[in-house]
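Numbers restart at 1 for each chain; the letters A, B, ... are given by sequence-line order, proteins then strands. All values reported here derive from a predicted model rather than from experimental measurement.
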Protein chains: 2
Amino acid sequence: MSAHSKKSIQPDISLTVCGYSKVLEIISNKWTALIIYALEDGRIRYGEIGKRIEGISKKMLTQTLRQLERDGLIRRDVTPSIPPIVAYSLSPLGESLIPLMLELKQWAKTHYSLVEQARAAYDHSVSQEHS
Amino acid sequence: MSAHSKKSIQPDISLTVCGYSKVLEIISNKWTALIIYALEDGRIRYGEIGKRIEGISKKMLTQTLRQLERDGLIRRDVTPSIPPIVAYSLSPLGESLIPLMLELKQWAKTHYSLVEQARAAYDHSVSQEHS
DNA sequence: CGGCATCCTCGGGGATACTG
DNA sequence: CAGTATCCCCGAGGATGCCG
């Protein structure tokens, strides 16, 4: 290969390799961030999470919790009473995400209004040129 | 409201309000992080981005670039020659994301192997209990 | 209470072809 | 070169119902 040396550029950025994407793959599901947020305060029961997060269904709550558990970010403790009590809490690995998440929130606090301005300006200029 | 004070819990975590989610909504599209990564080195042409990112189609490249532009994170400079030259670069707002992204990468570097271990352990224990 | 099983919809995103 | 325009498919995720 490359018998002719036109200096062909090889891909050097890949979804499965890029560190950015690997973390986002973990925390960017629709409800993941919300659940982590709910768990920040400490140990909390299944039902309580559902009540605190607006609009989440039991299906997605369970599914997202399972994923987080599988990734080792949260712990699931079952008290086998009737009815059962199931409480979730962040694992040490999960807690290591908190500083990261706080900076996400901080960025939003200081920059999100600029994003909204940019969107408004962009949409306006686009609608103008189509008139 | 709350005529009866059973201390009914109100949702206090919302997709549209949570700072975590607002940032993730911006940077968590499939190709967004990769493109930001490609732009970190500085001004770069459309075609070059496509060549550097493995597996991206022209459609998704254009579409993701448009979103980033709309959000004010990147700038698009056109030199109207034939053929045209279009170069993209991070805006100041986009550059403000870089420290955040670096920490995402750093977290992956130090913790991702633990996530993989947790996944393997979880999958193993699940397959065990179904035998 | 804390799930799991189903069904269904909607849109993200891939493949391909055309264009100024 | 730097895009549009179409068609199409698959899977995330919502709604609903049943269960130990």
Problem - DNA chain D: 5'-proximal contact among G47(B) and W31(A) (nearest heavy atom) - result: G47(B)

Completion exercise
Assign each of E48(A) and S28(B) the nucleotide of DNA chain C bearing its closest heavy atom; nearer the 5' end lies the nucleotide of E48(A)

Rounded interatomic separation in angstrom, taking [atom1] from [X] and [atom2] from [N]:
X	N	atom1	atom2	result
L34(A)	dG13(D)	CG	C1'	14 Å
N29(B)	dG14(C)	CG	P	11 Å
E54(A)	dG14(D)	CD	P	13 Å
I85(A)	dG3(C)	CD1	P	12 Å
E25(B)	dG12(C)	CD	C1'	15 Å

Does [X] share a hydrophobic cluster with [Y], counting links as ILVMFWY side-chain heavy atoms below 4.5 Å and allowing steps through other members?
X	Y	answer
V17(B)	W107(A)	no
I74(B)	V78(B)	yes
L65(B)	I85(B)	no

Handout entry: Check: Q67(A) and N29(A) side chains under 4.5 Å, non-hydrogen atoms
Key = yes

Completion exercise
Sorted by chain and number, sequence neighbours left out, ring-ring contact (aromatic ring centres under 6.0 Å, His included) with Y20(B) holds for Y37(A)

Fill in the blank from the handout: Between K22(A) and T16(A) the two heavy atoms that sit nearest each other are CD-O, 3.7 Å

Exercise for the section: May I ask you to evaluate whether R45(B) reaches the phosphate of dC1(D), defined as a side-chain N or O under 4.0 Å from OP1 or OP2? Expected result: no

Handout entry: Y88(A) side chain near dG3(C) phosphate (N/O to OP1/OP2, under 4.0 Å)
Key = yes

Fill in the blank from the handout: Within residues 55-82 of chain A, those residues having any heavy atom closer than 4.0 Å to DNA chain C are K58(A), K59(A), T62(A), R66(A), R76(A)

